[in-house]
Amino acid sequence: MTDEVQRAIVVTGGSRGIGRAICKALAQPGCHVFFNYFTPGDRKEEEAEAAETERLITEAGARATGIWANIADKDQVSAFFDQVLEACGRIDVLVNNAGITRDNLLVRMKEDEWDDVLNVNLKGPFHCIQKVARVMMKQRYGRIINIASIVGVTGNPGQANYVASKAGVIGLTKTAAKEYASRGVTVNAVAPGFIETDMTAKLPEKVKTGMLALIPLGRAGKPEDVAAAVKFLASDDAAYLTGQVIHVSGGMYM
Ligand code: NAP
């Protein structure tokens, strides 16, 4: 390992929302937090968001590197992780957080709406896990945490693509947990409910009010609520947990 970095952490989709809160929660002196971000569109705006995440990580005493890379693209994922390995020589924590929605009723859903969501939300974590698994198994240590969703368990009208991707993430988590347990690598999922981010801000008011009424704890979640569960799963206190799904939903799913 090069210089004084003791823990290399990778968070996908760290420029905003839940990913940014996770980067901040995991940032500690001695860590190098890498994150990526990618949405085709206004790259300048995304870079400004990424710079803010880097600032928050650095403020917490860790090193920060944000990289524009698409997790749905195998070559870009490979190049991203190669940069991490070149800088740190190891990868201790992978948080598969990046995700998108393209909502539509099933009968109206276009093939590209299905493919876009599955490619980012399910194929992305597959690429990332494949890339880090060998490294973590060799280290005989690793923590993989996948961000799923409660709808991956409950289903949700208008989100067949998203729900299928998140149900897939839960299956991927359990299988990877079984494949890597003997090598000291744990794999768990965090399934958020209704969390205040850009992803939910675009929902119609009526839908948001309806969701709030379903939350026993009486409020929408904050990105920090999800980040706290991820921080626990990445810690030594969670050493005996693998293949689990922690629902962070204010009781919306129980
Ligand atoms: P968000 O605010 O929309 O942020 C999404 C992040 O993912 C951004 O950093 C975005 O980068 C990045 N991203 C999108 N596509 C990418 C790609 N192809 N490659 C790399 N990065 C990409 O979303 P969020 O609400 O924080 O959601 C984070 C995770 O939590 C997702 O997996 C989501 O499904 C899950 N989740 C969220 C909720 C909720 O209520 N918000 C509930 C359940 C589960 P740019 O900044 O470049 O766009």
Side-chain angles (χ1 to χ4, degrees), residues 10-25 34-54 56 66-77 79-81 95-103 115-128 145-154 156 159 161-170 172-173 189-203 207-208 211-212 214-215 219-227 229-230 245-250 252-253:
V10 178
V11 180
T12 69
S15 57
R16 297 184 277 123
I18 293 170
R20 174 184 280 165
I22 292 170
C23 287
K24 194 179 161 203
F34 296 80
F35 66 91
N36 71 345
Y37 56 102
F38 179 91
T39 299
D42 186 353
R43 186 164 165 184
K44 273 221 170 70
E45 201 178 294
E46 287 170 36
E47 280 169 351
E49 296 276 21
E52 174 58 9
T53 300
E54 284 184 338
L56 290 167
I67 296 167
W68 198 71
N70 180 5
I71 55 156
D73 181 315
K74 193 178 176 182
D75 293 338
Q76 290 186 34
V77 167
F80 171 56
F81 284 101
V95 184
N96 279 310
N97 164 77
I100 59 167
T101 52
R102 297 272 184 277
D103 296 351
D115 288 344
D116 286 353
V117 170
L118 268 291
N119 283 339
V120 174
N121 296 10
L122 186 55
K123 208 187 219 183
F126 161 70
H127 288 321
C128 294
I145 299 144
N146 298 321
I147 306 301
S149 168
I150 61 164
V151 301
V153 181
T154 62
N156 201 27
Q159 288 199 307
N161 48 1
Y162 183 79
V163 169
S165 74
K166 295 302 185 180
V169 162
I170 291 172
L172 176 65
T173 300
V190 172
F194 179 56
I195 312 294
E196 281 169 349
T197 67
D198 293 345
M199 184 179 271
T200 47
K202 62 189 177 197
L203 292 170
V207 174
K208 286 192 221 173
M211 293 237 219
L212 281 172
L214 298 173
I215 303 173
R219 66 166 175 89
K222 301 205 173 305
E224 290 73 22
D225 294 317
V226 181
V230 173
V245 183
I246 299 183
H247 296 270
V248 181
S249 67
M252 197 177 182
Y253 174 79

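In what follows, every heavy atom counts, from backbone to side chain, and hydrogens, waters and symmetry copies are set aside. The residues of the chain are indexed from 1 along the displayed sequence. Order of listing sets the numbers, starting from 1, for every ligand and every atom in it.
Distance CD/Glu49 to CG/Asp198: 7.0 Å, rounded to 0.5 Å. Once rounded to the nearest 0.5 Å, the distance linking OG1 of Thr154 with NZ of Lys166 reads 13.0 Å. Within the model, atoms CD1 of Ile100 and CE of Met199 stand 8.0 Å from one another, a figure rounded to the nearest 0.5 Å. Asp103 CG to Asn161 CG: the interatomic distance, rounded to the nearest 0.5 Å, is 6.5 Å. Residue Ser15 holds its OG atom at 10.5 Å from CD of Glu47, rounded to the nearest 0.5 Å. In this structure, CG in Asn97 is found 12.0 Å from CZ in Arg20, a value given to the nearest 0.5 Å.
Nearest-heavy-atom check against atom 5 (C) of ligand 1 across Cys128, Gly99, Ser249, Gly66 picks out Gly99.
At the shortest separation from atom 13 (N) of ligand 1 among protein heavy atoms lies Phe38 O, 3.6 Å. Given atom 7 (O) of ligand 1, the protein heavy atom at minimum distance is Gly13 CA, 3.5 Å. In terms of protein heavy atoms, atom 48 (O) of ligand 1 is closest to Thr39 OG1, 2.4 Å. Ser15 OG, 2.7 Å is the protein heavy atom nearest to atom 9 (O) of ligand 1. Here the heavy atom of the protein found nearest to atom 30 (O) of ligand 1 is Ile147 CG2, 3.4 Å. When only non-hydrogen protein atoms are considered, atom 40 (O) of ligand 1 lies nearest to Ile195 N, 2.8 Å. Shortest contact from atom 47 (O) of ligand 1 to any protein heavy atom: Glu46 OE1, 2.8 Å. In terms of protein heavy-atom proximity, atom 34 (O) of ligand 1 is nearest to Tyr162 OH, 2.5 Å.
Interface atoms of ligand 1 facing Ala98, defined by a heavy-atom separation under 4.0 Å, are 7 (O), 13 (N), 21 (N), 22 (C), 32 (O). Annotation for ligand 1: atoms under 4.0 Å from non-hydrogen atoms of Tyr37 are 11 (O), 20 (C), 21 (N), 47 (O). When each atom of ligand 1 is checked for a heavy atom of Ala69 under 4.0 Å away, the hits are 19 (N), 20 (C). Against a heavy-atom cut-off of under 4.0 Å, Phe194 is close to the following atoms of ligand 1: 40 (O). Those atoms of ligand 1 that come under 4.0 Å of a heavy atom in Thr197, given as number and element, are 2 (O), 24 (P), 25 (O), 26 (O), 41 (N). Counting atoms of ligand 1 from 1 in the listed order, those under 4.0 Å from a heavy atom of Ser149 are 43 (C), 44 (C). Listed by number with element, the atoms of ligand 1 under 4.0 Å from a non-hydrogen atom of Ile100 are 14 (C), 15 (N). Atom numbering of ligand 1 starts at 1 in the shown order; those under 4.0 Å from a heavy atom of Thr200 are 39 (C), 40 (O), 41 (N).
When all heavy atoms are compared, the tightest approach of Ile145 to Val230 is CD1-O, 3.8 Å. Of all heavy-atom pairs spanning Gly14 and Cys23, the tightest one is CA-SG, 4.1 Å. Here the closest non-hydrogen pair linking Val245 and Ala191 is CG1-CB, 3.8 Å. Nearest heavy-atom pair, Phe80 versus Ala69, reported as atom, atom and distance to 0.1 Å: CB-CB, 4.3 Å. Across all non-hydrogen atoms, the minimal contact from Ile18 to Pro223 is CA-CB, 3.9 Å. Looking at every heavy atom in both residues, Ala98 comes nearest to Asn121 through O-OD1, 4.4 Å.
Of the N or O atoms in Ile71, one or more lie within a sub-3.5 Å distance of an N or O in ligand 1. Looking at Asn70 next to ligand 1, an N or O pair under 3.5 Å apart turns up. At a 3.5 angstrom cut-off on N or O pairs, Ile18 counts as close to ligand 1. The distance criterion of under 3.5 Å between nitrogen or oxygen atoms is met by Asn97 with respect to ligand 1. At a 3.5 angstrom cut-off on N or O pairs, Asn36 does not count as close to ligand 1. Between Pro192 and ligand 1, not a single N/O pair is under 3.5 Å apart.
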field: Worked check of side chain to side chain contact (heavy atoms under 4.5 Å, CB included) between Phe38 and Asp73
entry: CA-CA 11 Å; Phe38 179 91; Asp73 181 315; over 6 Å; no
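Distances shorter than 4.0 angstrom occur between a heavy atom of Lys166 and an atom of ligand 1. For the pair Gly193 and ligand 1, a heavy-atom separation below 4.0 Å is found.
Neither the backbone nor the side chain of Ala50 comes within contact range of ligand 1; no heavy atom lies under 4.0 Å. Here Arg16 has heavy atoms under 4.0 Å from ligand 1 in both its backbone and its side chain. Counting heavy atoms under 4.0 Å from ligand 1, residue Glu49 does not touch it at all. Only the backbone of Ala148 comes within 4.0 Å of ligand 1, judged by heavy-atom distances.
Remark: side-chain polar atoms of Ser249 are not paired, donor with acceptor, to backbone N or O of Pro192 under 3.5 angstrom. Side-chain N or O atoms of Ser165 include none that pairs as donor or acceptor with a backbone N or O of Leu122 at under 3.5 Å.
A salt bridge is absent between Lys24 and Glu224: the closest approach of a Lys/Arg side-chain nitrogen to an acidic carboxylate oxygen does not fall below 4.0 angstrom.
Evaluated for a side chain to side chain contact (heavy atoms under 4.5 Å, CB included) with Phe194, the options Val151, Leu203, Val207 yield exactly one hit, Leu203.
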